[in-house]
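Right, I'll just put the structure down here and ask away after.
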There are 2 protein chains.
Amino acid sequence: MKRNKDGNTEQQILEAAETLFLEKGFALTSTTEIAKVVGCNQALVHYYFRTKDQLFDSIFERKVYLFMSAFLEIDSEKLSFEERLKRKVEAHYDILSANPKLPFLFVNELTTNPERIKTVREKIGNTSQSVFFRLKAELEEEIQKGNIRPMNPIDLLLTIIALNATLFIVSPMIKVIVNISDEDLQQVIAHRKQENVKIILNSLKP
Amino acid sequence: MKRNKDGNTEQQILEAAETLFLEKGFALTSTTEIAKVVGCNQALVHYYFRTKDQLFDSIFERKVYLFMSAFLEIDSEKLSFEERLKRKVEAHYDILSANPKLPFLFVNELTTNPERIKTVREKIGNTSQSVFFRLKAELEEEIQKGNIRPMNPIDLLLTIIALNATLFIVSPMIKVIVNISDEDLQQVIAHRKQENVKIILNSLKP
DNA sequence: GTTATATTTAATAGCGCTATTAATTTTCGA
DNA sequence: TCGAAAATTAATAGCGCTATTAAATATAAC
């Protein structure tokens with residue numbers, strides 16, 4: 001029986017690669033290991049994806065979209081700026097809770113391999129820019145109205161990303177610096193969403 | 001002339017290693033490359049430090065201390081809790097500004113090699129715990145007095161680390177998501193210190 | 001059933017890395 | 001100045017990795 005019983009081998013490779021890349025990053029993951037997880041020959045990984053880089057890129061692009069997706073949706077309901085922002089922050093946090101390794105993947109790859117930034121920008125640059133300019137416009141309108149203090153949209157984005165992503169990025173560090181148990185850490189994660197929302201909304205006040 | 005003109009070779013290796021480890025992390029830095037930077041034979045790196053791991057550890061430990069150092073000093077002056085906290089946050093931010101690659105190093109190594117957590121904890125565990133418990137005690141006293149809202153000291157630490165470290169961790173990401181120039185990024189970094197202080201002090205209010 | 005095509009495997013070239021060893025050169029005190 | 005100790009080098013064993021190639025096997029169309 002040569003053919004893989006579990007159906008689509010290409011898909012299995014993709015899934016194993018995703019798990020391993022998220023776990024250890026690009027450099028520490030080998031096509032040999034991916035093949036071992038799937039239970040196939042190592043050459044198959046290259047048969048389907050040619051190079052390790054191509055395999056990684058196809059995964060990475062979708063992950064970047066996932067990370068941004070919380071900010072992409074345009075809310076139809078007529079809600080206040082703060083309420084809309086609150087929902088986006090919560091949605092973003094939820095996505096990260098479900099994919100806690102995501103922030104590390106970005107940091108790791110975009111820091112160690114700045115070349116990839118160009119690739120990413122080509123593919124998602126327009127989307128991310130439109131997200132940014134929409135936020136910028138909304139923010140300026142609110143500032144104009146005097147509802148929130150004057151601030152740079154980059155600062156707001158930074159605060160959101162910092163608070164939301166960092167918990168997942170630094171949880172290994174936290175465990176070292178504070179001698180905290182895994183259960184306590186889970187508790188922190190659980191209640192941290194509202195904490196973040198609170199801090200972010202507080203930071204807007206005039 | 002066999003002897004290195006620039007004096008202490010061991011020190012030069014240490015410095016080159018530090019630069020490279022900070023730049024690319026443990027895995028992507030080779031002893032071969034370190035030797036090339038120093039201009040010596042690759043075996044010398046192993047002559048002085050035996051293994052790449054030992055070389056890394058000796059650097060890593062000092063970096064962890066550096067990261068924490070802002071919170072170590074006990075301020076003699078009689079200042080309010082908020083003022084003391086403000087100064088610590090600023091000192092911490094200053095250290096990171098001077099060592100912007102530090103946060104990435106921690107995240108990278110403690111995430112990809114959790115084994116190292118044990119080593120770090122053995123060496124700095126007591127120090128970090130005493131820092132934590134001092135903060136905890138001070139915080140509880142202030143909460144008792146009603147000066148700040150009830151909160152977990154872990155939350156406060158998380159907020160500080162998140163806001164301070166993240167800017168330096170994610171600056172490559174920011175450049176992608178927002179199409180920001182290097183000059184603009186420098187501006188953001190420059191004014192971000194007070195922004196962080198503001199957000200942190202705001203987050204304490206009852 | 002035969003055959004073209006898709007999938008899978010074994011084998012391997014070629015690279016860079018870590019760590020060790022033995023030999024060589026330099027240093028420096030007696 | 002001699003010789004032990006320290007510093008440095010060349011050489012290399014041995015490993016795992018990426019990517020390719022050619023051969024083997026399975027699939028499906030006819």
Side-chain angles (χ1 to χ4, degrees), chain A residues 1-60 105 108-109 111-116 119, chain B residues 1-60 105 108-109 111-116 119:
Chain A
M1 179 64 93
K2 208 100 176 262
R3 181 56 53 89
N4 192 321
K5 280 209 195 79
D6 310 333
N8 198 335
T9 307
E10 185 175 355
Q11 187 59 29
Q12 281 182 269
I13 291 172
L14 217 44
E15 284 165 12
E18 182 174 316
T19 304
L20 290 169
F21 283 143
L22 280 166
E23 196 75 39
K24 316 193 291 178
F26 176 82
L28 292 183
T29 302
S30 67
T31 54
T32 308
E33 196 180 1
I34 294 169
K36 196 156 71 185
V37 169
V38 174
C40 70
N41 190 283
Q42 177 258 351
L44 256 196
V45 178
H46 293 272
Y47 170 74
Y48 282 115
F49 298 95
R50 191 152 192 90
T51 68
K52 186 181 157 188
D53 253 285
Q54 280 181 37
L55 173 57
F56 182 83
D57 280 341
S58 63
I59 290 167
F60 196 60
L105 185 73
N108 196 19
E109 296 317 319
T111 304
T112 56
N113 187 356
E115 278 307 296
R116 228 181 286 281
T119 321
Chain B
M1 177 66 91
K2 206 91 174 272
R3 180 56 52 91
N4 193 321
K5 280 206 195 82
D6 311 333
N8 198 335
T9 306
E10 185 174 356
Q11 187 60 28
Q12 280 181 270
I13 291 172
L14 218 43
E15 285 165 12
E18 182 174 315
T19 305
L20 289 169
F21 282 143
L22 279 166
E23 196 75 40
K24 317 192 293 179
F26 177 83
L28 292 182
T29 301
S30 66
T31 55
T32 308
E33 195 181 1
I34 293 169
K36 196 156 70 186
V37 169
V38 174
C40 71
N41 190 283
Q42 177 258 351
L44 257 196
V45 179
H46 293 271
Y47 171 73
Y48 283 115
F49 299 95
R50 192 151 190 88
T51 68
K52 186 181 158 188
D53 253 285
Q54 279 182 37
L55 173 56
F56 183 82
D57 279 341
S58 64
I59 290 168
F60 196 61
L105 186 74
N108 196 19
E109 296 317 320
T111 305
T112 57
N113 187 356
E115 278 307 296
R116 228 180 286 280
T119 320

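The shown structure was predicted, so the numbers you read here are calculated from the model rather than taken from an experiment. Letters go in sequence order (proteins before strands), and every chain restarts at 1.
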Helix axis bend for the helix from C/dG1-D/dC30 to C/dA30-D/dT1 - C1'-based end axes, five pairs, 10° rounding: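 That helix gives 0° between its end axes.
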
Whether A/F26 and A/F21 hold their rings parallel, tilted or perpendicular, with breakpoints at 30° and 60°: parallel

Whole angstrom value for the distance that separates P of C/dT8 from CZ of A/F49: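 Taking atom P of C/dT8 as the reference, CZ of A/F49 is at 12 Å.
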
Selected nucleotide, minimal atom distance to A/T9 side chain, candidates C/dT8, D/dT21, D/dT18: C/dT8

A/E10 versus A/F49, closest heavy-atom pair with distance: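 Answer, listing the atom of A/E10 first, then A/F49: CG-CZ, 3.8 Å.
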
N/O (side chain, A/S30) to phosphate O (OP1/OP2, D/dG16) under 4.0 Å: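 So the side-chain polar atoms of A/S30 never come under 4.0 Å of the phosphate oxygens OP1 or OP2 of D/dG16.
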
Residues that B/L28 engages under side-chain contact (heavy atoms from CB on, under 4.5 Å), provided they are two or more places apart: A/A27, A/T112, B/K24

Length of the CG-P vector between B/N8 and D/dA7, whole Å: 9 Å

Heavy-atom pair with the smallest gap, counting every atom of B/I59 and B/E18: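 Heavy atoms of B/I59 and B/E18 come nearest at CD1-N, 3.6 Å.
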
Atom pair distance, as rounded to whole Å: CD1 in A/I13 and C1' in D/dA19: 15 Å

5' precedence on DNA chain D between A/E33 and A/N41 (nearest-nucleotide basis): A/E33

Under 4.0 angstrom between B/Y47 side-chain N/O and D/dA6 OP1 or OP2: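 For D/dA6, neither OP1 nor OP2 has a side-chain N or O of B/Y47 closer than 4.0 Å.
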
Interatomic distance, B/L44 CG vs C/dT18 P [rounded to whole Å]: 15 Å

Heavy-atom pair of closest approach, residues A/N41 and A/A43: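 Heavy atoms only, the tightest pair is OD1-N, 2.8 Å.
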
Any donor-acceptor N/O pair, A/T111 side chain to A/N108 backbone, under 3.5 Å: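 A pair under 3.5 Å: no.
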
Touch class at under 4.0 angstrom, heavy-atom based, for A/Y48 against every strand present: sugar-phosphate

Length of the CD-C1' vector between B/Q11 and D/dA7, whole Å: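 That distance rounds to 17 Å.
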
Closest contact, heavy atoms only, B/I34 versus B/V45: CG2-CG2, 4.3 Å

Presence of B/H46 side-chain N/O under 4.0 Å of C/dT18 phosphate oxygens OP1/OP2: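 Answer is no, no contact under 4.0 Å.
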
Check against side chain to side chain donor-acceptor pair (under 3.5 Å), A/T32 and A/Q42: CA-CA 5 Å; A/T32 308; A/Q42 177 258 351; 4.7 Å; no

Touch class at under 4.0 angstrom, heavy-atom based, for A/T31 against every strand present: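 Counting heavy atoms under 4.0 Å across all strands, the contact made by A/T31 is with sugar-phosphate only.
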
For atom CZ of B/F26 and atom C1' of C/dT18, their distance in whole Å: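 Taking CZ of B/F26 and C1' of C/dT18, I get 10 Å after rounding.
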
Heavy-atom pair with the smallest gap, counting every atom of A/V38 and A/Q12: CG2-O, 3.6 Å

Sorted by number, the residues of residues 15-22 of chain B with heavy-atom contact under 4.0 Å to DNA chain D: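 Residues of residues 15-22 of chain B that come under 4.0 Å of DNA chain D do not exist, since none gets that close.
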
Integer-rounded Å distance: D/dG16 C1' and B/L28 CG: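 After rounding, the gap between these two atoms is 15 Å.
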
Nucleotide nearest B/Q42 when distance is taken to its side chain, options C/dA19, D/dT18, D/dT20: C/dA19

Side chain of A/T32 - closest among D/dT20, D/dA10, D/dT18: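 Nearest to the side chain of A/T32 among the choices is D/dT18.
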
A/R50 CZ to D/dA19 P, straight-line distance once rounded to whole Å: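 Answer to the nearest Å: 10 Å.
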
Rounded distance [0.5 Å steps], CG in B/N113 versus CG in B/D53: 7.0 Å

